[in-house]
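Here's the structure, in structure tokens; my notes come after.
Start at 1 and go down the list; that is how both ligands and their atoms are numbered. The shown structure was predicted, so the numbers you read here are calculated from the model rather than taken from an experiment.
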Amino acid sequence: MKSSVTSLHLLDGGLLEVESSFVVPGSDFGRRVAVPIQMFLVGTSAGYVLVDTGNDPGVITDPVGTWGAALATAARPLMEPHHHPAEQLRLLGLAPRDVKAVVYTHLHHDHAGGGRIFPDAVHVVQRAEHRWALSPDGHAGKAYVPADFTTTRWTLADGDWHMLPGIQLVMTPGHTPGHQSVVLWDVPDLGNVVLAGDAINTAACIEKDLPPGITTDSVTAVQSMHRLTALAAATDALLVTGHDLALFEALPKAPEPLRKVGHRPARHHAPMLDLAAGA
Ligand SMILES: [Zn+2]
């Protein structure tokens with residue numbers, strides 16, 4: 001089936017300052033690091049699809065009022081007016097009404113905060129994520145802001161879904177129970193792309209074989225990472241991890257289309273078996 005994907009742009013949602021070990025577990029305890037907030041605008045022959053929506057834009061002026069002091073301190077947003085999704089779309093001559101569908105990798109505050117900017121779009125998340133976000137176990141609740149998702153009219157996916165020609169949703173649980181990644185086939189001038197979301201935080205997670213610093217199931221999270229690295233290696237895809245500042249800085253951002261430039265991709269760790277070495 002021919003891909004319906006016609007373009008791909010990386011939108012800049014600003015930065016989030018967090019404890020380093022949230023990103024790569026066991027690394028630099030007590031050190032704060034800035035990580036990028038990414039959104040992806042996928043052009044298709046049926047209209048635009050947005051992947052993730054960043055922070056609630058209320059944090060541009062009032063982080064504590066929007067998120068509460070505990071979350072706004074643990075994850076300090078560095079979001080300026082031009083990081084508002086509507087402003088990012090304006091760089092491309094577009095407006096929120098041009099977005100026909102919004103896909104969420106998961107419903108954490110730094111991915112689902114801008115959903116209400118798109119009242120006319122179809123909003124897609126995994127059912128397992130929606131269930132969990134509405135009633136997370138106590139330890140996992142801090143990263144969800146119910147106002148981000150309780151009034152949204154959802155289209156719920158149950159596992160892998162061929163959403164549109166050239167756009168596949170792939171279940172990658174572990175960071176959260178219903179996390180999904182988005183695979184794009186045959187993007188013009190780019191080829192195949194795996195948008196990992198927070199199934200893989202940074203290249204360091206791949207290189208050190210580590211799950212995200214925040215997980216609900218670390219074993220499953222590592223298996224999800226391996227699924228994505230194997231898929232990317234097998235299809236020669238650009239693998240875009242969720243919160244890698246070096247990669248984010250290297251990739252062209254809107255209004256430039258996303259291209260492979262200037263960044264050595266993370267090793268995919270495939271194949272891992274050296275048959276030449278013998279038994
Ligand atoms: Zn995130």
Side-chain angles (χ1 to χ4, degrees), residues 10-25 27 32-40 50-57 59 63 66-67 70-79 83 85 88 102-115 124-126 128-130 132-133 136 139-149 169-182 194-206 210-218 220-222 224-225 228 239-249 251 253:
L10 169 57
L11 309 185
D12 181 356
L15 300 170
L16 208 57
E17 189 198 271
V18 296
E19 152 77 26
S20 173
S21 62
F22 284 11
V23 185
V24 182
S27 73
R32 306 274 290 181
V33 295
V35 298
I37 304 296
Q38 305 180 130
M39 302 168 277
F40 300 89
L50 183 67
V51 178
D52 283 343
T53 64
N55 299 322
D56 182 331
V59 305
T66 304
W67 280 352
L71 178 56
T73 306
R76 191 166 78 89
L78 305 167
M79 185 176 181
H83 297 127
Q88 288 291 305
V102 183
V103 176
Y104 299 76
T105 57
H106 62 305
L107 296 178
H108 277 171
H109 60 97
D110 52 327
H111 298 260
V124 180
V125 74
Q126 288 289 328
E129 179 67 14
H130 183 251
W132 176 259
H139 69 91
K142 291 190 194 77
Y144 290 104
V145 178
D148 290 343
F149 49 80
L169 310 183
V170 179
M171 272 292 277
T172 45
H175 177 59
T176 64
H179 190 283
Q180 64 182 351
S181 303
V182 180
V194 174
L195 303 176
D198 290 4
I200 309 174
N201 272 341
T202 71
C205 291
I206 299 172
L210 289 171
I214 294 171
T215 61
T216 55
D217 182 337
S218 58
T220 302
V222 170
S224 290
M225 172 171 70
L228 293 179
L239 175 58
V240 185
T241 53
H243 288 295
D244 191 316
L245 187 60
L247 176 61
F248 178 76
E249 287 180 339
L251 291 173
K253 289 164 277 293

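- At distances below 3.5 Å, at least one donor-acceptor pair connects side-chain atoms of Q88 with backbone N or O atoms of D12.
- Within D110, the N, O or S atom lying nearest to the Zn ion (ligand 1) carries the name OD2.
- Residue H111 counts as close to the Zn ion (ligand 1), with an N, O or S atom under 2.8 Å.
- The heavy-atom pair separating H130 from L107 by the smallest distance is CA-CD1, 4.1 Å.
- Checked against the Zn ion (ligand 1), the N, O or S atom of D198 at the shortest distance is OD2.
- Using the six-membered ring where Trp is involved, H106 and H179 have ring planes that are tilted, between 30° and 60° apart.
- Remark: of the listed residues H111, H108, Q38, H111 is the sole one forming a side-chain hydrogen bond (donor to acceptor under 3.5 Å, both in side chains) with D52.
- Distances from the Zn ion (ligand 1) show that H243 has an N/O/S atom below 2.8 Å.
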